[in-house]
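Excluded from the calculations below are hydrogen atoms, water molecules and symmetry mates; all remaining heavy atoms, backbone and side chain alike, are included. Chain letters run A, B, ... following the sequence lines, proteins first, then strands; residues in each count from 1.
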Amino acid sequence: MTAVDVRITRPVPAPPQPLTPAASEPANVVIVDDVDTLTAGAVPGCGDDNPYN
Amino acid sequence: MHQVIVSPQYDKFVAVRPGARRGMRIPATLYRDLQAAQSGGRPVPEWLSDAAERAWGISLSGQPTRGTVLVRPPALLDYSRASYEINKGCNYNCEHCYLAERKFSGLPLEEKRRLLGLLRDAGVLWLQFTGGEPTIDRDFTETYRQAYGLGMMIEILTNGSRLHQPDLTGLLAEMPPHRVTVSLYGATEESFDSLTRRKGAFRLLLKGLEAAREANIIVELALIITRHNAHEVDSMRAMAAEYASSLREYGNISPTYDGNPQPLAAQAPGFLDKSSVFAGCPAGHTFFHVDPHGLATMCKVGREHPVDLMTDGLAGLTRLPGIADAQMLRTGGCSGCALSATCRVCRPLAKAYQEAKAPLTAYCQHGNEVSA
């Protein structure tokens, strides 16, 4: 097979470093109205998990 | 049972409450504070009880952290989401189904429990039960309870045929899901029963939606638009307004994931969305799919080179990003395509269309050129 390019736009994630504050981490609690916004980064590119009939 | 889940997610931390629309982002310092409160047998910290009051209207003040807040430890892998096809068996026989086969089979209960433990260890916070029809699996209730107890936010994809049964509504009222997504196959008995090829299916759906509403279960309706019901779209939207907190519409009918063209016959003319452009996908990197036998793949469509979670465990999952990337390579007739930046579908789905010998207009911008 001939590969021209790759559609994956996200690199393989590095192992999590959960105890190190991220640069974008909130200083305090941030309440979000739509809990689905917390799934950012794990949403299928087809929009959601039920597009296939 | 816990009222709140606090979990790492990649390099951030979230606090969520099953069945609630609001959530929280919290800093690492407060996550560590909760870990300490839990291990030290202390009550829920004041900052969390204050935030829980504002976000969810609940009082956690003075309650022990342990048992009230499920504090998930840092995960071994970086997956936060998974779909679990608990059983491909279904009580309907829809013309448009994307599954290659619908056999009633799956893992025994103890293995299902072990699988869920692996998903938890991989980092899965957001779990979707799907099928087939997941609620007819004989172990669904126990498996759901297990996943809930492990601190997962659960979505169920269902045809709604069992939603009226008290054992199911009771379970969902006791352990609220993140969402129940019910597929809507029409707004009348005629269209609904015709598409599902099951007499009485529409009546069961209505009973289920009524029961869910009475039990305050969050329902999303997925409007599946086909040639059987396209003339009822407005009525289907009205049903969503009456019974659901949200709706999504699906007008693109795909082949089965292994390239059988049979479902394409259900496509409703005029409802094929040709405007959306595929812009990449983290499948296999941050989420994955598991079939009834514990075989993990990048998603529901890209099922090449599955990883056997039951034999390979979490170590097997480390191969999945590479497997996913390989399936995203543009190959075959798509190699070197000049319109690749405007593909409407991902590569695995395009491959299914190609194997089904579907017309280009169904999935490819070249089809637009030809038909223009």
- Query: Where does Ala266(B) contact chain A at under 4.5 Å (heavy atoms): side chain, backbone, both or neither?
  - Reply: neither
- Nearest atoms (heavy-atom pairs only) where Ala27(A) meets Pro27(B): O-CG, 3.5 Å
- Message: Could you go through Val43(A) and Trp126(B), starting from their C-alpha distance and side-chain angles, then the distance that decides it, and tell me whether this counts as side-chain contact (heavy atoms from CB on, under 4.5 Å)?
- Response: CA-CA 10 Å; Val43(A) 178; Trp126(B) 310 92; over 6 Å; no
- Message: Quick check: closest heavy atoms across Tyr10(B) and Ala42(A), and the distance to 0.1 Å?
- Response: OH-CB, 3.2 Å
- Item | Between CG on residue Asp33(A) and CZ on residue Arg22(B), distance to nearest 0.5 Å | 4.5 Å
- Query: Tell me, side chain or backbone of Arg179(B) under 4.5 Å from chain A's heavy atoms, or both, or neither?
  - Reply: side chain
- Shortest non-hydrogen contact from Pro282(B) toward Gly45(A): CD-N, 4.4 Å
- Task: Please look at His178(B) and chain A and tell me whether the side chain, the backbone, both or neither of the residue comes under 4.5 angstrom of a heavy atom of that chain.
- Result: side chain
- Item | Heavy atoms from other residues, nucleotides or ligands near CD of Glu53(B) exceed 12 (cutoff 6.0 Å) | yes
- Would you say the side chain of Trp47(B) lies within less than 4.5 Å of the side chain of Asn28(A), judging by non-hydrogen atoms? no
- Those residues at least two apart in sequence (or on a different chain) that pass salt bridge (charged side-chain N to carboxylate O under 4.0 Å, His left out) with Arg25(B) are none
- Task: Identify the two heavy atoms, one from Gln9(B) and one from Thr39(A), that lie closest to each other, and give their separation to 0.1 Å.
- Result: NE2-CA, 3.9 Å
- Hey, are the side chains of Arg21(B) and Asp34(A) touching, using non-hydrogen atoms and a 4.5 Å cut-off? yes
- Item | Straight-line distance of Arg54(B) CZ to Ile31(A) CD1, nearest 0.5 Å | 4.0 Å
- Message: According to side chain to side chain contact (heavy atoms under 4.5 Å, CB included), who are the partners of Leu264(B), at least two apart in sequence or on a separate chain?
- Response: Pro255(B), Pro261(B), Tyr353(B), Ala356(B), Ala358(B)
